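As structure tokens, the structure follows; a few thoughts come after it.
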Amino acid sequence: MGNQVLLACGMAAGPLFTVAYLLQGASRVGYRPFRHPVSSLAFGRAGWVQTVNFLLAGLLSLVFAVGLWRVGPSRWGALLIGAWAVGLLGAGAFRTDPVSGYPPGTPDQLQRHTRAGALHDLLSLIGFLALAMACFVFALSNSFWWTIYSIVSGVLFATTMALASAAFDQHQRWVDLGGLIQRISLTIGWTWQMLLAVRLLRT
């Protein structure tokens, strides 16, 4: 497989993932996109769609990491994108626990995590941290504006993910906006990955 194809997978992963979860969130009864996390779309009869969405995004990002390993400019950056991809695959392999009252009839927060839910959270956290770190690693560039953009993206991605986590932990100030904050964070992260792929495809 050519390097151009591998890099193009990194460009496609984010838009496909985003369109899929937006369409699902708009059609689910009882699901509130501003409040509920993307991972909660894995519940219900149509939950397999979000599971596939995680797995496809993870596979595309993993292929992208292989392309980064081949073309550079950073082997460490490629490994971090690979860790982000593994986090996405783990999020698909292990379903999250109910949170913030979804699915309907469940408590806002379980007293104890299930094993699958704990693994989902752990692998997702590893993936989020890896993507934030990748922003800083790939910020090392001859382009001033790319450096600034990558640093700002890394800071904003990490900050919004932390706020979303607080919301899903039922912090009263943020709980009703957890889903929105998470979507902002994902958009920041996916946009950065897409533009990194575009930048490398042009060189």
Side-chain angles (χ1 to χ4, degrees), residues 1-24 37-39 41 50-93 120 123-165 180-203:
M1 189 180 295
N3 292 338
Q4 298 291 305
V5 175
L6 299 178
L7 296 175
C9 287
M11 185 172 60
L16 290 174
F17 184 84
T18 302
V19 169
Y21 78 65
L22 288 176
L23 291 176
Q24 292 177 81
V38 170
S39 296
L41 291 166
Q50 182 56 32
T51 297
V52 171
N53 194 27
F54 275 125
L55 296 176
L56 178 60
L59 287 172
L60 288 172
S61 296
L62 191 60
V63 170
F64 179 50
V66 174
L68 291 172
W69 183 269
R70 287 185 180 181
V71 305
S74 170
R75 291 288 177 90
W76 279 111
L79 289 173
L80 288 168
I81 294 296
W84 157 242
V86 170
L88 290 166
L89 292 170
H120 176 95
L123 292 167
S124 296
L125 176 61
I126 291 171
F128 295 148
L129 291 174
L131 184 60
M133 292 173 63
C135 290
F136 299 121
V137 169
F138 281 108
L140 301 175
S141 167
N142 292 327
S143 168
F144 172 78
W145 292 112
W146 174 258
T147 297
I148 295 299
Y149 169 67
S150 293
I151 291 172
V152 170
S153 294
V155 170
L156 290 179
F157 178 76
T159 301
T160 49
M161 270 300 167
L163 288 175
S165 295
L180 175 62
I181 297 170
Q182 186 192 53
R183 283 158 174 75
I184 292 171
S185 188
L186 288 170
T187 300
I188 292 168
W190 282 126
T191 301
W192 177 83
Q193 177 174 299
M194 181 182 69
L195 292 179
L196 173 64
V198 170
R199 188 167 185 268
L200 293 174
L201 282 166
R202 289 177 174 176
T203 59

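None of these values were measured; they are calculated from a predicted model.
In this structure, V38 and L186 have side chains that are in contact, with non-hydrogen atoms separated by less than 4.5 Å. In this structure, L89 and F54 have side chains that are not in contact, with every pair of non-hydrogen atoms separated by 4.5 Å or more. Side-chain contact between T191 and Y149 is present, with heavy atoms from C-beta onward closer than 4.5 Å. Within the 4.5 Å cutoff, the side chain of V152 has heavy atoms near those of the I148 side chain. Counting only heavy atoms from C-beta outward, the side chains of L7 and V71 approach each other to under 4.5 Å. When side chains are defined from C-beta on, P73 counts as touching F138, because their heavy atoms get closer than 4.5 Å. A heavy-atom distance below 4.5 Å is not found between the side chains of L62 and W84. In this structure, the side chains of S165 and Q182 stay at 4.5 Å or more apart for every pair of heavy atoms.
Residues S150 and C135 approach most closely at CB-O, 3.3 Å, considering heavy atoms. Nearest approach of L156 to T160, heavy atoms of both residues: O-OG1, 2.6 Å. Minimum heavy-atom separation, G10 to A197: C-CB, 4.0 Å. Summarising the geometry of A93 relative to L55, their closest heavy-atom pair is N-CD2, 4.2 Å, with the distance given to 0.1 Å. Of all non-hydrogen atoms in A57 and A13, the two that sit nearest each other are O-CB, 4.2 Å. When all heavy atoms are compared, the tightest approach of G58 to A85 is O-CB, 3.4 Å.
Note that CG of L80 and CD1 of I126 are 12.0 Å apart. Values are rounded to the nearest 0.5 Å. Rounding to the nearest 0.5 Å places CG of L88 at 7.5 Å from OG of S124. Interatomic distance, T159 OG1 to I184 CD1, rounded to the nearest 0.5 Å: 12.5 Å. In this structure, CG in N3 is found 14.0 Å from CH2 in W69, a value given to the nearest 0.5 Å. Interatomic distance, CG of L60 versus CG of L6, reported as 11.0 Å (0.5 Å rounding). Of the inter-residue distances, the one linking I81 atom CD1 with F64 atom CZ reads 6.0 Å to the nearest 0.5 angstrom.
Using cut-offs of 30° and 60° for the angle between ring planes, the F157 and F128 rings count as perpendicular.
Q193 places no side-chain N or O within 3.5 Å of a backbone atom of M11 that could act as its donor or acceptor partner. Side-chain atoms of T147 do not come within 3.5 Å of backbone N or O of L140 as any donor-acceptor pair. Distance alone, capped at 3.5 Å, places no donor-acceptor pair between the Q50 side chain and the S39 backbone.
Between W190 and F17, the ring center distance clears the sub-6.0 Å criterion.
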Is there a side chain to side chain contact (heavy atoms under 4.5 Å, CB included) between L41 and T51 once you walk through the steps? CA-CA 8 Å; L41 291 166; T51 297; over 6 Å; no
Should R183 and T18 be marked as a side-chain hydrogen bond (donor to acceptor under 3.5 Å, both in side chains) after you check the CA-CA gap, both sets of side-chain angles, and the distance that decides it? CA-CA 9 Å; R183 283 158 174 75; T18 302; over 6 Å; no
